[in-house]
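Before any comments, here is the structure.
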Amino acid sequence: MTVFNNSEVKIFLLIGIPGLEHAHIWFSIPICLMYLVALLGNCTILFIIKTESSLHEPMYYFLAMLAVSDMGLSLSSLPTMLRIFLFNAMGISPNACFAQEFFIHGFTVMESSVLLIMSLDRFLAIHNPLRYSSILTSERVAKMGLILAIRSILLVLPFPFTLRRLKYCQKNLLSHSYCLHQDTMKLACSNNKVNVIYGFFVALCTMLDLALIFLSYVLILKTVLNIASVAERLKALNTCISHICAVLIFYVPIITLAAMHRFAKHKSPLAIILIADMFLLVPPLMNPIVYCVKTRQIREKVLEKLLNICGR
């Protein structure tokens, strides 16, 4: 039996949009615009929260954490996607691929964790508004942010190391425009059972976050229904709309992709690639827009800064 080692595969090949390779340059225009708007929007959110003392509250600190994870997702996938769509450069070295999947999965776990902690924030604000400020102090928020970052790093840290120990023989064609753990491990010609089990564990952690978010909203709804005034009920629920939108924007592509892989008999590669790209492109693009539109304090501060700039 021939023994292969990691050196047999010198480069992995990413893909753009199958069958439309000739039109990649045209796809690069909206993709570049989406990246620019996403980065500009999230930088604006961070700048407004940092410079406005009136926004130095737990809700906005968590929003800043969401913006950081969104920017991380954008910057993690940006290099390979732009190389593919602008220059048709499909190749990526194994080490660069392992590094990219570490950052993509790390910021994915971080975003999931931030969305969970934001649901807890909304529950505390509605259930116990009088003690909200004393429970979520700035120090506690900082500690929670640090714990989220450490959790994200520790959960995905084994990924690049377990991938490096695998042997890659003949296959080197990946299924997306960027590297993912579950995609890369399928190319291995050695036993990848450890990768499969650990990847499933990390996926379960993300789904646990979603289950806890759902539980938070059950408790929020129960609290809101105990409020006598209809106007007060609507006011309380209105503070949750932005977060609900962020949860849907983040989790719907993930669940849709998982369902297609699991249940679709005739999977369309094009549909899978487009949904996978949406997972990395849409949340960083839409979250700043949603929060600017639905959060009055953010919207007013952004407009105030724009008017100041235009008035100079």
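Reckoned from all heavy atoms, side chains included, excluding hydrogens, waters and symmetry mates.
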If hydrophobic clusters are built from ILVMFWY residues whose side chains come within less than 4.5 Å, do L63 and L40 share one?
no
Short side-chain to backbone donor-acceptor contact, N192 and A188, under 3.5 Å
no
Any chance you could measure F107, atom CZ, to S113, atom OG, to the nearest 0.5 Å?
12.5 Å
I'd like to know if I147 and V68 are part of one continuous hydrophobic network [Ile/Leu/Val/Met/Phe/Trp/Tyr, side-chain heavy atoms within less than 4.5 Å].
no
same_hphob_cluster(F47, L303) at 4.5 Å side-chain heavy-atom cutoff
no
Check whether S152 reaches the backbone of M110 with its side chain - one donor and one acceptor, N or O, closer than 3.5 Å.
yes
Looking only at atom types and distance, does a side-chain atom of S134 sit under 3.5 Å from a main-chain N or O of R131, one as donor and one as acceptor?
yes
Any salt bridge (charged side-chain N to carboxylate O under 4.0 Å, His left out) pairs touching residues 99-119, not counting sequence neighbours?
none
Run the side-chain contact (heavy atoms from CB on, under 4.5 Å) check on D121 and H243 step by step: do they pass?
CA-CA 10 Å; D121 169 76; H243 180 257; over 6 Å; no
Roughly how far apart are M144 CE and Y61 OH, rounded to 0.5 Å?
13.5 Å
By the ring pair (Phe, Tyr, Trp, His ring centres under 6.0 Å) test, which pairs, at least two apart or in different chains, include something from residues 14-42?
H24-F85
Non-hydrogen side-chain atoms of M90 and F12 separated by less than 4.5 Å
no
Would a 4.5 Å heavy-atom cut-off, applied to side chains only, mark L155 and Y198 as touching?
yes
Shortest non-hydrogen contact between S175 and I273, atoms and distance
O-CG1, 3.5 Å
Between CD1 of I213 and CD1 of I244, what distance do you get to the nearest 0.5 Å?
11.0 Å
I135 backbone acceptor or donor facing R140 side chain under 3.5 Å:
yes
Donor-acceptor under 3.5 Å (N195 side chain, M185 main chain):
no
side-chain contact (heavy atoms from CB on, under 4.5 Å) filter on L173, not counting sequence neighbours, yields L13, I15
Any side-chain heavy atom of D277 within less than 4.5 Å of one from Y178?
yes
Flag yes if more than 12 heavy atoms outside F103 fall under 6.0 Å of its CZ atom; otherwise flag no.
no
Can you check whether V109's main-chain N or O pairs, donor with acceptor, with S112's side chain at less than 3.5 Å?
no
Tell me the closest heavy-atom pair linking I126 and P129, and the distance in Å.
O-CD, 3.6 Å
side-chain contact (heavy atoms from CB on, under 4.5 Å) with I11: which residues, sequence neighbours excluded?
N172
If you define the side chain from C-beta out and look only at heavy atoms, does anything of S74 sit under 4.5 Å from L39?
yes
Report yes or no: does N42 contribute a side-chain atom to a donor-acceptor pair with the main-chain N or O of P284 at less than 3.5 Å?
yes
Check: F214 ring centre within less than 6.0 Å of Y217 ring centre:
no
Just checking, any donor-acceptor pair under 3.5 angstrom between side chains of N95 and R164?
yes
Hey, mind stepping through M59 and Y132 against side-chain contact (heavy atoms from CB on, under 4.5 Å) and telling me if it holds?
CA-CA 11 Å; M59 173 184 171; Y132 172 74; 4.1 Å; yes
S242: partners by side-chain contact (heavy atoms from CB on, under 4.5 Å), with sequence neighbours left out
V290, Y291, K294, T295
Are F98 and F161 close enough that their ring centres sit under 6.0 Å apart?
no
Treating R122 as the side-chain partner and I220 as the backbone partner, does any N or O pair qualify as donor plus acceptor under 3.5 Å?
no
Within a strict 4.5 Å, meaning less than it, do heavy atoms of the L82 and S28 side chains meet?
no
When you group the ILVMFWY residues by side-chain heavy-atom contacts below 4.5 Å and let the links chain together, are V196 and F201 in the same group?
yes
Are the side chains of T44 and I48 in touch, meaning some heavy atoms are under 4.5 Å apart?
yes
Could you give me the CA-CA distance, side-chain angles and deciding distance for Q100 and T80, then say whether side chain to side chain donor-acceptor pair (under 3.5 Å) is met?
CA-CA 9 Å; Q100 185 182 45; T80 53; 2.8 Å; yes
Taking every non-hydrogen atom, the tightest pair across R299 and V293:
NH1-O, 2.6 Å
As an exercise, state the distance from NE2 of H176 to CD of Q182, rounded to the nearest 0.5 Å.
6.5 Å
Where is the tightest heavy-atom contact between C32 and L86, given as atom of each residue plus distance?
SG-CD1, 4.5 Å
Just wondering, do L210 and V247 contact through their side chains at under 4.5 Å, heavy atoms?
yes
Tell me, do H181 and T162 make a side-chain contact under 4.5 Å, heavy atoms counted?
yes
Using a 3.5 Å distance criterion without hydrogens, assess whether the side chain of D183 forms a donor-acceptor pair with backbone atoms of L174.
no
Consider only side-chain heavy atoms of I, L, V, M, F, W and Y, link residues closer than 4.5 Å, and tell whether V194 and L204 are in one cluster.
no
Considering non-hydrogen atoms only, spot the tightest contact between F123 and L219 and give its length.
CE1-CB, 3.5 Å
Taking N128 for the side chain and L124 for the main chain, is one N or O donor matched with an acceptor at less than 3.5 Å?
no
Can you measure from OG1 (T108) to CD1 (I254) and round to the nearest 0.5 angstrom?
6.5 Å
side-chain contact (heavy atoms from CB on, under 4.5 Å) evaluation trace for I197 with K193:
CA-CA 6 Å; I197 293 171; K193 189 175 180 180; 3.9 Å; yes
Give me the one residue out of L115, V141, L148, L120 that meets side chain to side chain contact (heavy atoms under 4.5 Å, CB included) with F62.
V141
Quick check for you: to the nearest 0.5 Å, what is the distance between Y168 atom OH and C97 atom SG?
8.0 Å
Closest non-hydrogen atom pair, V156 against G106
CG2-CA, 3.6 Å
Here the salt bridge (charged side-chain N to carboxylate O under 4.0 Å, His left out) pairs for residues 149-162, sequence neighbours left out, are R151-D209
If the plane angle is over 60° it's perpendicular, under 30° parallel, otherwise tilted; pick one for F250 and F279.
tilted
Dump the intermediate steps for side-chain contact (heavy atoms from CB on, under 4.5 Å) on L157 and F102, then the final yes or no.
CA-CA 7 Å; L157 188 60; F102 167 77; 4.0 Å; yes
